[in-house]
Amino acid sequence: MLMRTDPFRDFDRLAQQVFGAGTWSKPAAMPMDAYRAGDEFVVCFDLPGVDPAAVELDVERNVLTVKAERRPLPTGDDVRMHVSERRLGVFSRQLFLGDTLDTEHITASYDAGVLTVRIPIVEKAKPRRIEIGADDRKELKA
């Protein structure tokens, strides 16, 4: 269903984790799970602490792009940060979708920091049983 075309994506993801938060020009990767559930393909993206209004979901041709931004918490002059481990900045992920997925009917929901995208499988790609009929031809005897 998904086509993985970038063999260096894991190296890039590791470098982004080591060297800091993402920017609009070079966003950080977001973790995801992808699976098939019945007649649809489901992809879940971890986006804890991201406002749903700060999530963009686009599809062009057969490429699904998810982009989100986690902004820092508002602080004042009297706030002194002791630990800051939560990644801030821009996160993005692109998925190359196969021709067996219906990109016209994609739905998305956001709950508890998880963006869930559901992509139906096109009718022609669903498994079907083919009936075997009797052969109407009679054998010729010599």
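The analysis underlying the following values was restricted to heavy atoms, covering all of them including side chains, and did not include hydrogens, waters or symmetry mates. Remember, it's a predicted structure, so these values are computed and weren't measured experimentally.
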Measuring from atom [atom1] of [X] to atom [atom2] of [Y], what distance do you get when rounded to the nearest 0.5 angstrom?
X: Ile106; Y: Glu40; atom1: CD1; atom2: CD; answer: 11.5 Å
X: Ile121; Y: Leu101; atom1: CD1; atom2: CG; answer: 6.5 Å
X: Arg93; Y: Phe45; atom1: CZ; atom2: CZ; answer: 7.0 Å
X: Glu69; Y: Glu56; atom1: CD; atom2: CD; answer: 9.5 Å
X: Ile119; Y: Leu97; atom1: CD1; atom2: CG; answer: 4.5 Å
X: Leu47; Y: Phe91; atom1: CG; atom2: CZ; answer: 8.0 Å

### Message
Determine whether Val55 and Val50 satisfy the following criterion, side-chain contact (heavy atoms from CB on, under 4.5 Å), listing intermediate values before the conclusion.
### Response
CA-CA 8 Å; Val55 178; Val50 174; 3.8 Å; yes

### Query
How far apart are the C-alpha atoms of Leu57 and Leu64, what are their side-chain angles, what is the distance that settles it, and do they pass the side-chain contact (heavy atoms from CB on, under 4.5 Å) test?
CA-CA 7 Å; Leu57 185 62; Leu64 176 74; 3.7 Å; yes

### Query
Would Thr116 and Val42 count as a side-chain contact (heavy atoms from CB on, under 4.5 Å) if you check the C-alpha gap in whole Å, the side-chain angles of each, and the deciding distance to 0.1 Å?
CA-CA 7 Å; Thr116 302; Val42 182; 3.8 Å; yes

Is [X] reaching over with its side chain to a backbone N or O of [Y], donor-acceptor style, under 3.5 angstrom?
X: Arg70; Y: Gly89; answer: no
X: Tyr110; Y: Ala53; answer: no
X: Tyr35; Y: Cys44; answer: no
X: Arg129; Y: Glu131; answer: no

### Query
Between Val66 and Met30, is a side-chain contact (heavy atoms from CB on, under 4.5 Å) present by the stated rule, with each step listed?
CA-CA 9 Å; Val66 180; Met30 64 185 77; 3.9 Å; yes

### Query
Between Asp99 and Val122, what is the shortest heavy-atom contact and its length?
O-CG2, 4.1 Å

### Task
Name all residues meeting the side chain to side chain donor-acceptor pair (under 3.5 Å) criterion together with Thr65; count only those two or more places apart in sequence or in a different chain, and write none if there are none.
Gln94

### Query
Are Leu95 and Val63 close enough that some pair of their side-chain heavy atoms sits under 4.5 Å apart?
no

